[in-house]
Trainee: 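Can you read through this structure? Questions will come right after.
Both ligands and their constituent atoms are indexed starting at 1 by order of listing. What you are looking at is a predicted structure, and each value in this text was computed from that prediction instead of being measured.
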Amino acid sequence: MKRRRGKGLFLILCIENDVLLKRIQNLNIWEESDTIINTQSQSLKLSGDALQADLLVVDSYYSTNNFNLLNVVRSKIPNTTSVVIMNSGFASAANPGMKFDFTFHEDNQELPGFSDLISKLRNPAAAWPVASEFPADTVFNAILKNMAEGFMYVDNDDTIIYANEQFYNMLGYSQNELIGKQGYKFLIADEDRDILLEKNKARRRNVSDHYEIRMVKKNGELLWVSVIGTPVTNAEGEVIGSVGIISDIHSTKKSETVLRRSTGILNTMLTNISIALLETDASGNVVFIEGKAIENVGVNTSDTLGKNISELFKGVNLYLSTGETVPMEIVMERVLQGEYINGYTEYVGYNFENYLTPLFNDNGMVAGSVIFSLDVTERMTFLNKIRETEDKYQTLVENINDIIVSINRDYRIDYISPVVKRMLGYEPDEMMGAPVQEYIFVSDALPFRDGVMAVFTGIARPIEFRAVTKMGTIKWLRASLRPQYLNGRIISAQGIFSDVTEQKDMEDKLILARDRAQEVSRLKSYFLANMSHELRTPMIGILGYAEILQDELKDDETKRMAETIFASGNRLLETLNLILDLSKIESGKLEIINVDINIRAEIDNCIATFATSAAKKGLYLTFYPGEPVSLKLDKRLFRDTMNNLLSNALKFTHIGGITVAVNTEEEEEKKFLAIAVTDTGIGIPERSKSLIFEEFRQVSQGYGREYEGTGLGLSVSKKFVESMGGKIIVESIEGSGSTFTLIFPMENEG
Ligand code: ADP
């Protein structure tokens, strides 16, 4: 409500009703200087002071009857306060399309509302409370109480004089703990204290400030706050303290830190790892492009910004894990329709693994896309190398003649190499996962299982078994399996199955042949044993009578005949005895009866029987008996051996003679008895020394049978000596003579 200065009120009345006009004019409220004009409908013209009227008063008849005219008036004084006075009983006559600021009713003669309005117009200030009436303290307290921020007042020493409850709550202190204390000493984080002291200094120079700082709560936690600090001055303008408005910005600050950190991490990744990050808008235009991989492939980021992605990657395909190959334009179309797509691309010789993600706005509409690409070129190269090596091994495995196999702890086949098809006729695929015993000949299944079980306990040994081929035939295989460890535990038995069928057949044949040979040899020995017995018995008769005839016959010629019969018979008997002995040895029927024998006496006896023959050949026969000794030996075997050696010596010596010497020898603390028969005969060539102990061997046989003999003597003697625990050795120089030595351990000493 405004008022013209220095004059009384100016009222424009539009009252048709004279009674009402009178009543207004007669009211007790008008002053000398007031101007009141009433205008009739036809003479309504406003000019001069009227255009600045304080009030327009209209009666309800007028507003109804002269609606258009009144509108013209009001348009001339649009800001003037307007009043309508309603006639009783005609209340609804006021035109509803016209608005007035106030409405009064003429029922009451005094028009009380109207009088009040006039007095308010006359003194507008009285209508509002005066400034001195503003309850500053109350309002101030209400603000301090209800504001969200903490509030504090400190003096120039920074001593806390006042703080609101929010401030205490913010830090977890009570009023008593803070009032009168210098807050900066313990309420500010050590690292920020200098900042605060600096700010306080500035404030004393009357400078306001706004800053962020870390405070320390009572429980020791740090709290990020924002502070608006304002100096407070007295009437003289001196700074007497300051007020601070403190807001908790901890969570904002924290998320700011998190954001800064994740931005930092992202930047580090983008600059150090070979990745690329692209963002596009909803039409696929690049709005962000960053990353080391971008540099690597030689793309200029600023050239790329704003370009359309489909254009940038024209001709580039995305290889999806489903095996699909999709051109990049199509991929982008799909992503910008809300699809998430991953796949591989090849770009200027680099391989990328890509994650294409649509970006949605709050309304769920696609607002763009993000493409994250990881450079996997190195990994691909590495994988390719592995694949090459794998292929190489695969070829090796396939070409090897043995089956490579892995059997797991359930005795099922984990792996079997393709060569199985060639060896057993099965496809590797049909065997994989199957129990291994399904392929093993039934009676070998258990031993095979035992063998594999042993591998699982860490003991590896070859297992031979028969496998059943797809055709139903049998093949001999040899499994060489080793335990396969994972984290110290045996998880499978791995190794090879080799086909040993041929080898097995050969072995079988050999065994058969050996058995047959042994059988034949045994039969031969039996035969010989029987035969020699059959031959020997009649020989006894022949020899007996030949000996008698030798003595009885007086006629020289017939006597010589008898002697020849006797000598030939004896030789035949010797041979038969040797054959019999050999047969006995071979058929394991040689009886050995060890008794104490007096070596000297025994040798003496033997030598005696050869004395005549030696003398006849003009040879000496000397005996060096040594210390008397008796050993536990088989008398017959010992005697036959001695006789054999002496007989050979005599047979192969023509000049000189034979010496028999008995000595004790010591070797490695063991005592031996050595009986050496030395002759000065034809000797034995070096190369023949090992042969002479073989059956039927005669070194001298090449001499045109100059020397009689069967070739059995030495081999029988050797066996005799060995069966008594001794050995026989020969030393000889061809043309000078030979020494045959019998060696017996003295343990046999009687
Ligand atoms: P035999 O004397 O019946 O032929 P032996 O088995 O007793 O059969 O001897 C085998 C061969 O060893 C003889 O044929 C001879 O060639 C050789 N031999 C054995 N003793 C002597 C020896 N004292 N001097 C030379 N050669 C000998």
Side-chain angles (χ1 to χ4, degrees), residues 525 528 532 535-536 539 567-586 590 603 606-607 609-611 613-614 616-624 636-662 674-724 726-743:
S525 302
L528 284 176
S532 41
L535 291 171
R536 217 159 55 130
M539 276 310 296
S568 305
N570 255 327
R571 235 182 90 198
L572 196 60
L573 186 63
E574 266 171 41
T575 306
L576 282 176
N577 279 340
L578 279 173
I579 292 173
L580 191 63
D581 283 336
L582 192 71
S583 315
K584 278 186 179 162
I585 290 166
E586 281 183 353
L590 185 70
I603 296 174
C606 291
I607 287 176
T609 56
F610 288 95
S613 332
K616 266 190 197 166
K617 279 186 91 172
L619 302 173
Y620 62 80
L621 185 54
T622 321
F623 181 35
Y624 298 107
R636 185 179 78 82
L637 303 192
F638 181 72
R639 197 182 291 169
D640 283 0
T641 306
M642 279 312 292
N643 285 342
N644 186 33
L645 292 183
L646 286 167
S647 143
N648 277 349
L650 219 60
K651 183 159 60 174
F652 296 106
T653 306
H654 307 294
I655 308 162
I658 296 112
T659 312
V660 179
V662 179
I675 303 159
V677 179
T678 306
D679 64 57
T680 56
I682 60 167
I684 301 158
E686 190 59 38
R687 58 175 192 285
S688 310
K689 278 183 186 163
S690 55
L691 294 177
I692 55 174
F693 294 103
E694 287 178 18
E695 291 159 27
F696 310 111
R697 283 288 193 171
Q698 289 174 302
V699 178
S700 50
Q701 66 199 4
Y703 302 161
R705 283 216 60 84
E706 189 185 331
Y707 304 98
E708 298 170 331
T710 55
L712 283 176
L714 281 178
S715 61
V716 170
S717 298
K718 184 169 183 264
K719 281 173 180 146
F720 280 179
V721 174
E722 282 169 358
S723 57
M724 289 184 290
K727 60 180 182 180
I728 182 165
I729 53 172
V730 59
E731 293 155 289
S732 181
I733 295 169
E734 199 179 357
S736 329
S738 316
T739 300
F740 286 84
T741 310
L742 306 178
I743 296 171

Trainee: Quick one: which ligand 1 atoms are inside 4.0 Å of a heavy atom on N648?
Mentor: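 Those qualifying, in numeric order: 2 (O), 5 (P), 7 (O), 9 (O), 19 (C), 20 (N), 23 (N).
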Trainee: To check you understand the geometry: which heavy-atom pair defines the closest contact between L650 and S613, and what is its length?
Mentor: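 Heavy atoms only, the tightest pair is CD2-CB, 3.6 Å.
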Trainee: Does S715 reach ligand 1 with a nitrogen or oxygen that is under 3.5 Å from one of the ligand's nitrogen or oxygen atoms?
Mentor: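 Among all N and O atoms of S715, none is under 3.5 Å from an N or O of ligand 1.
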Trainee: Distance under 4.0 Å to a non-hydrogen atom of A649: what atoms of ligand 1 satisfy this?
Mentor: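 Every atom of ligand 1 under 4.0 Å from some heavy atom of A649: 23 (N).
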Trainee: Once you restrict to heavy atoms under 4.0 Å, what part of L714 touches ligand 1? Side chain, backbone, both or neither.
Mentor: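 The part of L714 near ligand 1 is both the backbone and the side chain.
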Trainee: Quick check on I733: does its CD1 atom have over 12 non-hydrogen neighbours (other residues, nucleotides or ligands) under 6.0 Å away?
Mentor: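 No, not enclosed.
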Trainee: Against ligand 1, does G681 come closer than 4.0 Å with any heavy atom?
Mentor: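 It does not, in that no heavy atom of G681 comes within the 4.0 Å cut-off of ligand 1.
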Trainee: Using a 4.0 Å cutoff against the non-hydrogen atoms of G683, which atoms of ligand 1 qualify?
Mentor: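 Answer for ligand 1: 25 (C).
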Trainee: Evaluate F652 for polar contact with ligand 1, using N/O atom pairs at a separation under 3.5 Å.
Mentor: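 N/O-N/O distance under 3.5 Å: no.
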Trainee: Roughly how far, to the nearest 0.5 Å, is CG of N577 from CG of L582?
Mentor: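 Reported to 0.5 Å precision, the distance equals 12.5 Å.
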Trainee: Please could you name the atoms of ligand 1 that L712 approaches to less than 4.0 Å, counting only its heavy atoms?
Mentor: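 Every atom of ligand 1 under 4.0 Å from some heavy atom of L712: 6 (O), 8 (O).
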Trainee: If the cut-off is 4.0 Å to any non-hydrogen atom of K651, which atoms of ligand 1 fall inside it?
Mentor: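 This gives 1 (P), 2 (O), 3 (O) as the contact atoms.
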Trainee: Below 4.0 Å from any atom of ligand 1, is there a heavy atom belonging to F740?
Mentor: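 So F740 counts as touching ligand 1.
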Trainee: Could you tell me which residues satisfy side chain to side chain contact (heavy atoms under 4.5 Å, CB included) with T641, sequence neighbours excluded, listed by chain and number?
Mentor: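 Partners of T641 by the side chain to side chain contact (heavy atoms under 4.5 Å, CB included) criterion, ordered by chain and then number, come out as S717, F720, V721, L742.
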Trainee: If the test is side chain to side chain contact (heavy atoms under 4.5 Å, CB included), which one of L645, T741, I743, I603 qualifies with I675?
Mentor: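 Only match with I675 under side chain to side chain contact (heavy atoms under 4.5 Å, CB included): I603.
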Trainee: Any idea which atoms of ligand 1 are less than 4.0 Å away from a heavy-atom of I692?
Mentor: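 Listed by number with element: 12 (O).
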Trainee: Roughly how far, to the nearest 0.5 Å, is CZ of F693 from OG of S688?
Mentor: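 S688 OG to F693 CZ: 12.0 Å, rounded to 0.5 Å.
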Trainee: Could K651 and D679 be called an ion pair, given the rule that one side-chain N must be under 4.0 Å from one carboxylate O?
Mentor: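 No, no charged N to carboxylate O under 4.0 Å.
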Trainee: Is the number of heavy atoms from other residues, nucleotides or ligands under 6.0 Å of K617 NZ greater than 12?
Mentor: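 Yes, enclosed.
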